[in-house]
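Notes to accompany the following structure.
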Amino acid sequence: MTITITAFERSPDGGKGLARDTRVRWALEEVGQPYAVRLVSFAAMKEPAHLALHPFGQIPTYEEDDLVLFETGAIVLHLAERHVGLLPDDANARARAIAWMFAALNTVEPPILEFVTARLFERDRPWHAERLPLVEDRVRQRLDQLSDRLGDADWLDGRFSAGDLMMVSVLLRLKPSGMLDGHPKLAAYVARGEARPAYKRAFAAQLAVNSPQVAGGA
Ligand code: GTB
């Protein structure tokens, strides 16, 4: 079985690991599957060859022999279902882990994306100062709720699962803003994710592509 994913030729985050190929790399590392990476430019993402893999012209994509997938949720779920390590054996626990994946992508990530967009790309809009606190409040509400549910547990539902992988990946987007600092339990949860050897390997692999030395050819 040969697995190939796509990633930014040069990520706009300069190697902070925030682009979505990192969560796929992390899942691949957790389940011990070797993979190749095809780097694509922004222009190449919109060309027919890439659009045939990804209808929206984005990264990451996932190719495994004759299977092509897009959407990180689908890719991570596929890996978790086919390999040991990311989903519990018990059927109900498995369903709950998948529910946490959906919660990460459908309930927690959207307000975070609104916040990141407002913070980074809407600063020069006349309504920015009014909108930002509203968006921040929506994120804070989700963080409060998530923190209450996590409590003092290490992971969301028993052992580390694909649900945690996705939730930590989503929360990582908040790190540059400092917003996690107001939620020490979540900050510690994210740190536990980052401390996993599989995450470290995934992060190092994307950094090797995106670090300024590599990108600048030095
Ligand atoms: N729902 C899809 C999924 O989960 O796979 C979303 C995929 C997606 O948004 N891909 C982005 C992309 O290809 C890259 S990850 N964008 C190019 C385009 O749409 O033309 C999003 C991302 C980009 C940059 C940073 N960063 O610089 O910090 C972080 C995250």
Side-chain angles (χ1 to χ4, degrees), residues 3-30 35 37-64 67-81 86 97-123 135 139 142 162-180 190 193-194 199 202-212 214-216:
I3 295 172
T4 303
I5 67 166
T6 51
F8 281 133
E9 187 176 57
R10 190 182 295 195
S11 177
D13 74 358
K16 290 197 181 77
L18 301 176
R20 285 183 176 81
D21 58 293
T22 303
R23 55 183 76 165
V24 172
R25 292 174 185 269
W26 184 7
L28 284 159
E29 294 288 352
E30 290 284 353
Y35 64 100
V37 183
R38 193 168 59 251
L39 301 176
V40 287
S41 66
F42 275 94
M45 272 182 240
K46 309 302 175 201
E47 284 172 10
H50 188 77
L51 287 169
L53 305 177
H54 196 307
F56 308 114
Q58 296 183 313
I59 62 97
T61 57
Y62 175 96
E63 291 157 76
E64 176 197 304
L67 172 68
V68 177
L69 290 175
F70 58 96
E71 286 295 332
T72 51
I75 298 168
V76 172
L77 182 57
H78 169 74
L79 289 168
E81 282 182 329
L86 281 174
I98 293 169
W100 278 116
M101 288 184 69
F102 277 88
L105 295 171
N106 286 351
T107 304
V108 179
E109 192 167 48
I112 290 179
L113 290 183
E114 284 290 302
F115 170 64
V116 170
T117 304
R119 204 171 152 261
L120 298 182
F121 304 115
E122 297 174 353
R123 286 199 169 277
V135 177
V139 173
R142 286 288 176 256
D164 295 298
L165 184 152
M166 204 52 92
M167 192 64 81
V168 168
S169 299
V170 161
L171 294 176
L172 275 167
R173 287 295 291 273
L174 288 174
K175 233 180 140 181
S177 71
M179 240 190 126
L180 279 177
V190 168
E194 290 177 294
Y199 178 83
F203 183 87
Q206 67 75 36
L207 184 63
V209 174
N210 290 305
S211 69
V214 172

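Indexing begins at 1, ligand by ligand and atom by atom, following the structure's order. All figures in this text were calculated on a predicted structure; none of them were measured in a lab. Quick note: residue numbers are just sequence positions, from 1.
- By the criterion of a heavy-atom distance under 4.0 Å, the side chain of R173, and not its backbone, is placed next to ligand 1.
- Of all the heavy atoms of F56, none lies under 4.0 Å from any atom of ligand 1, so neither backbone nor side chain is involved.
- Within the 4.0 Å heavy-atom shell around ligand 1 one does not find K16.
- Considering backbone and side-chain N/O of I59, one or more are found under 3.5 Å from N/O of ligand 1.
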Carefully, step by step, assess L39 and R10 under the rule side-chain contact (heavy atoms from CB on, under 4.5 Å). CA-CA 8 Å; L39 301 176; R10 190 182 295 195; over 6 Å; no
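- Within ligand 1, counting atoms from 1 as listed, the ones closer than 4.0 Å to a heavy atom of F8 are 12 (C), 14 (C), 16 (N), 23 (C).
- Here is the list of ligand 1 atoms found below 4.0 Å of a heavy atom in K46: 18 (C), 19 (O), 20 (O).
- Using cut-offs of 30° and 60° for the angle between ring planes, the H54 and F56 rings count as perpendicular.
- For the pair T6 (side chain) and T61 (backbone), a donor-acceptor distance under 3.5 Å is present.
- Test K175, M179, R173 against S177 for side-chain contact (heavy atoms from CB on, under 4.5 Å) and you get one pass: M179.
- Ion pairing of R142 with E114 is absent here, as no side-chain N (NZ or NE/NH1/NH2) approaches a carboxylate O to less than 4.0 Å.
- A side-chain donor-acceptor contact under 3.5 Å links Q206 to the backbone of F203.
- Between H54 and ligand 1, a contact under 3.5 Å exists for no N or O pair.
- Some N or O of T72 is nearer than 3.5 Å to an N or O of ligand 1, by distance alone.
- Listed by number with element, the atoms of ligand 1 under 4.0 angstrom from any heavy atom of F42 are 17 (C).
- Residue D13 has at least one nitrogen or oxygen atom sitting less than 3.5 Å from a nitrogen or oxygen atom of ligand 1, judged on distance alone.
- Looking at Q58 next to ligand 1, an N or O pair under 3.5 Å apart turns up.
- Counting heavy atoms closer than 4.0 Å to ligand 1, residue F70 contributes nothing at all.
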